[in-house]
There are 2 protein chains.
Amino acid sequence: MSTLGRGLHGRVLDALGPAITAGEYPPGSVLRTDELAQRFDVSRSVMREAVRVLESMHLVESRRRVGVTVRPKAEWNVYDPQVIRWRLAGADRPQQLRSLTVLRSAIEPVAAGLAAKHATAEQCAELTECALGMVAHSKGHRLEGYLLHDIAFHRVILNASGNEMFARLGDVVAEVLTGRTRHEVMFEDPDPAAVTLHVRLAEAIRAGDAGHAEELTREIAEGALQELDILAP
Amino acid sequence: MSTLGRGLHGRVLDALGPAITAGEYPPGSVLRTDELAQRFDVSRSVMREAVRVLESMHLVESRRRVGVTVRPKAEWNVYDPQVIRWRLAGADRPQQLRSLTVLRSAIEPVAAGLAAKHATAEQCAELTECALGMVAHSKGHRLEGYLLHDIAFHRVILNASGNEMFARLGDVVAEVLTGRTRHEVMFEDPDPAAVTLHVRLAEAIRAGDAGHAEELTREIAEGALQELDILAP
DNA sequence: TGACGAATAAGTCTGACTTTTTCTTGGTGT
DNA sequence: ACACCAAGAAAAAGTCAGACTTATTCGTCA
């Protein structure tokens with residue numbers, strides 16, 4: 001899925017991106033295009049393309065006579081899905097997971113409220129289907145199936161909100177949920193309370209009850225935040 | 001500020017980016033690198049770099065034997081500040097302004113709540129200063145000064161929230177506020193009620209009252225949304 | 001229907017050249 | 001002796017042109 005080594009410059013990015021976002025090159029570090037090209041055994045043109053991409057993500061800045069300097073973390077385009085993936089795969093995974101969960105807790109309730117107003121019949125049906133799927137996979141260590149329905153559930157809500165900015169967070173939510181399941185609590189069955197909340201949320205949206213949908217989503221988010229606090233206090 | 005013609009490929013982007021985000025090339029359109037290079041009178045290497053950047057923004061996809069195809073809007077990296085600027089400068093400016101304002105209404109209340117808990121004494125002082133600056137420029141067509149303090153105010157809150165994802169939205173908020181002031185109501189003085197809300201919000205954060213800060217921010221956001229409804233119903 | 005071959009456009013590499021920015025050096029004046 | 005500025009050298013990115021490779025698609029023919 002990631003950069004899919006689509007071309008040589010993609011391979012270079014798959015190596016350089018994680019390294020930079022992991023902080024292997026501290027802010028202010030200077031890289032030289034030619035040296036990098038040699039190190040990765042690619043031509044300068046290919047390396048230049050890779051640098052351009054890193055530059056567009058605000059991970060580095062390229063200046064004449066000085067080289068390619070790494071920018072401070074505060075300037076990175078942290079909403080770039082690629083950057084998010086790199087960081088989730090690297091060292092500050094916990095911090096990234098936390099900030100993303102806080103972001104979710106801010107956005108998803110509002111999105112759910114909007115979804116209650118704008119969701120089509122088809123979207124409501126999808127939502128119910130996802131919720132039922134979650135229930136069906138909530139017992140007996142069937143986390144893989146549970147995860148898929150959970151992701152689909154939240155994605156439908158974000159799409160149904162009718163806001164393109166919210167909709168584009170579907171991938172981020174998917175990454176967060178996947179990361180959580182795969183790396184933290186892979187052994188335990190999901191919290192039954194959370195499952196119930198999802199079912200009720202689907203009902204609220206179907207009923208067009210924006211306030212209720214918003215409140216239920218807040219409870220779900222609250223649970224996710226507490227889960228993080230338990231694992232990394 | 002934008003891409004600042006930093007290099008030839010930057011100039012090309014300043015021309016191609018707005019054109020694509022404005023929908024001049026409908027999704028599925030095919031561009032050819034060589035043809036573009038000729039059109040912009042640059043070498044293929046420069047054009048390739050530009051295409052790589054557009055590709056990293058998910059605006060286009062480059063495939064062998066077929067060319068550079070424009071992706072559907074739903075796949076764009078709409079959180080990329082550059083993409084936001086391009087869209088704000090283009091045709092679907094109103095829609096972009098609306099989705100960004102909705103995004104703000106979701107995030108800023110939560111950010112304010114967190115800021116009430118985490119803001120340093122220095123940040124509180126800055127906040128009060130900004131609020132006072134807004135009051136001072138709220139009468140007599142001094143919108144330029146008002147805008148600067150408004151931007152600084154919201155930026156401080158987002159930074160003080162302690163969440164990096166929120167902090168990085170400072171630029172987006174700045175763009176929205178600037179756009180609003182410069183293109184919509186440049187003649188009228190700001191709503192006195194909004195000014196008061198900002199002052200009270202600064203106080204709430206200084207007092208560490210998260211609930212109150214959150215509620216006040218919701219009211220501010222509500223006002224911004226209504227303003228949009230009035231201008232483009 | 002499928003397989004083979006031709007056409008096509010992106011992808012890659014190389015080498016030479018330009019331009020900008022920084023560092024050094026040397027000279028000047030106080 | 002020190003501060004300061006200007007001219008030049010050096011370094012690295014930036015640009016270009018041309019030749020070649022490779023993957024993919026399309027058309028043709030069996």
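Within every chain, numbering begins at 1; the chains are lettered A, B, ... in the order of the sequence lines, protein sequences first and strands thereafter. Any value given below was found using the heavy atoms of this structure, including those in side chains, with hydrogens, waters and symmetry copies removed.
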Just distance, no hydrogens or angles: give the donor-acceptor pairs under 3.5 Å from side chains in residues 62-69 of chain B, sequence neighbours left out.
unit_1, atom_1, unit_2, atom_2, d
Thr69(B), OG1, Glu61(B), O, 3.4

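A straight line from CZ of Arg44(B) to P of dT12(C) spans 14 Å, rounded to a whole angstrom.
Contact of the Tyr79(A) side chain with the Asp80(B) side chain is not registered, since no non-hydrogen atoms from C-beta on lie closer than 4.5 Å.
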Query raised in the report: Which letters describe nucleotides 2-10 of chain C, given B = protein heavy atom under 4.0 Å from base, S = only from sugar-phosphate, - = neither?
Result: -----BBSB
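For Glu24(B), the salt bridge (Lys or Arg N to Asp or Glu O under 4.0 Å) test picks out no residue, with sequence neighbours left out. With sequence neighbours left out, Arg104(A) forms a salt bridge (Lys or Arg N to Asp or Glu O under 4.0 Å) with Glu108(A). Residues forming a side chain to side chain donor-acceptor pair (under 3.5 Å) with Arg52(B) (at least two apart in sequence, or on another chain): His9(A), Glu49(A), Glu55(B). Residues meeting the salt bridge (Lys or Arg N to Asp or Glu O under 4.0 Å) test with Asp92(B), sequence neighbours left out: Lys73(B), Arg87(B).
The salt bridge (Lys or Arg N to Asp or Glu O under 4.0 Å) analysis of residues 169-179 of chain B, with sequence neighbours excluded, yields the pairs Arg85(B)-Glu175(B), Arg155(B)-Asp171(B), Arg168(B)-Asp171(B). Sorted pairs that involve residues 121-137 of chain B and meet salt bridge (Lys or Arg N to Asp or Glu O under 4.0 Å), not counting sequence neighbours, are lacking altogether.
Contact footprint of chain B on DNA chain D: nucleotides with an atom under 4.0 Å from a non-hydrogen protein atom, first to last in 5' to 3' order, dT15(D) to dT25(D).
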